[in-house]
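Working notes, structure below.
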Amino acid sequence: MAGIKDVAARAGVSISTVSYVMSGKRSVKEETRLKVLRAARELGYRTSGQTRAIHGGWTKVLALSSPLHEYTDYSNYAIFFFALATRAKRYGYDILLLMHEYGDRELTRIARSGMVDGILLLDVLMTDSRAEVAAMLDVPVVCVGYPSNSEAVYSVDLDFERMGREAMEKASALGHTHVLIVGNSGFAYEDGSNYLIRFRDAVVKRGDDLNMKVSFMPSTGYGMADVRLLLDSAFAQDPEITAIVCQTNATHVNNLLIALHERNLVVPQDISVMAACTYGLQQLPQAVDEMPMEPNVVCSRAVDTMMEILEYRRHDVGAVELLPGKYVARGTMGPCNIL
């Protein structure tokens, strides 16, 4: 079987150039790239450690690395998985799910096995070890998320920083100056959960710019007792809160609305409520203003990006594509009535 040296010799290029062409990790002149691919096809070359060949040997499988954590929301997890799987199926691809907590080790193992043509990453952290490992793999890696160490991966995500800024600008325009951010589990922020931190930090920063007092409290649970305790603590710290932004889930938001009613606070006359980084809130008994996750949009774009790479139409590894979020008004954000 031909090796990388044979391809380099036939194409008249260096071994490193062949490696760059096959992995897409660096930009190569189009003339050189085509020369390398032609030599690889003529020799029947297969990339090192893989079963896929340049001509007729794709595995038609993508690995999906999505480690499970204590704070993993399984309803959101399933939505993102099926969004990726459905889009991949349109291209004739199956998904191999990797759920081990030490995802970086799994990536090396699965790439060397030759079982997959590319790897998708979910549950991306602010600094993700899997993104570091990607630099040593000869299959492309696409993140559904935006890690700070994104040099060796392609990243597709919602623009959560922009969403955070827009949330505060919306509240400020309605006259709110004291805002509570109800976060997800504290463990998610400690681990560096990417989208939660990017949105929260943007909210805090924009709130400060607008001379707003922004309080942040992670949730300790989604049950009524947990929500009541959180509100007790929040109002004890800042009795002037007039707007709440929830980074939680439908169950928590529903219980929050009930707990506010128990406190004789009417939404939105007495207090405004907005949800962000959430999904499925349209099914609640009371509709809530929302800046939702867009799993179908983001996951479809991530798979499309992977296909562009595998078809040698993309060579800009490290590229970041941030998609605009949207604001869905359902009547729970109103003017601040405190003079």
**Item:** Pair Arg198 + Asp157, salt bridge at N-O below 4.0 Å
**Value:** yes
**Request:** Using the six-membered ring wherever Trp is involved, compare the ring planes of Trp58 and Tyr312 and label them parallel, tilted or perpendicular (cut-offs 30° and 60°).
**Result:** tilted
**Message:** Would Arg165 and Asp209 count as a salt bridge (charged side-chain N to carboxylate O under 4.0 Å, His left out) here? Give the steps.
**Reply:** CA-CA 10 Å; Arg165 294 192 298 269; Asp209 293 341; over 6 Å; no
**Request:** Tell me, with the steps shown, if Arg10 and Asp6 meet salt bridge (charged side-chain N to carboxylate O under 4.0 Å, His left out).
**Result:** CA-CA 6 Å; Arg10 175 166 292 204; Asp6 301 309; over 6 Å; no
**Message:** Whether the Asp123 and Ser66 side chains hold a donor-acceptor pair (N or O, under 3.5 Å, no angle test) is what I'd like checked.
**Reply:** no
**Message:** List the residues meeting side-chain contact (heavy atoms from CB on, under 4.5 Å) with Thr305, not counting sequence neighbours, and say none if there are none.
**Reply:** Val142, Tyr154, Val156, Arg301, Ile309, Arg314, Glu321
**ring pair (Phe, Tyr, Trp, His ring centres under 6.0 Å) partners of Phe81, counting only residues at least two apart** = none
**Asked** Counting only heavy atoms not in Glu31, do more than 12 fall under 6.0 Å of its CD?
**Response** no
**Message:** For a side-chain contact (heavy atoms from CB on, under 4.5 Å) check, start with the C-alpha distance between Ile95 and Leu120, then their side-chain angles and the critical distance, and finish with the verdict.
**Reply:** CA-CA 9 Å; Ile95 295 289; Leu120 300 162; 4.3 Å; yes
**Request:** Report the C-alpha separation of Lys89 and Asp94 in whole Å, then their side-chain angles, then the decisive distance to 0.1 Å, and conclude whether the salt bridge (charged side-chain N to carboxylate O under 4.0 Å, His left out) test is met.
**Result:** CA-CA 6 Å; Lys89 201 66 178 177; Asp94 291 315; 2.9 Å; yes
**Message:** Surrounding NZ of Lys326 (heavy atoms of other residues, nucleotides or ligands, distance under 6.0 Å), is the total greater than 12?
**Reply:** no
**Audit row: Val7, Val13, side-chain contact (heavy atoms from CB on, under 4.5 Å) steps and yes/no** = CA-CA 8 Å; Val7 176; Val13 299; over 6 Å; no
**Message:** Pairing donors with acceptors under 3.5 angstrom, does anything connect the side chains of Asp289 and Tyr327?
**Reply:** yes
**Message:** I'd like to check the ring pair (Phe, Tyr, Trp, His ring centres under 6.0 Å) partners of Tyr195; sequence neighbours left out, ordered by chain and number.
**Reply:** Phe160
**Asked** Does CZ belonging to Phe82 count more than 12 external heavy atoms closer than 6.0 Å?
**Response** no
**Item:** Arg263 atom CZ, neighbour heavy-atom count above 12 within 6.0 Å
**Value:** yes
**Donor-acceptor pair between His176 and Ser272 side chains, under 3.5 angstrom** = yes
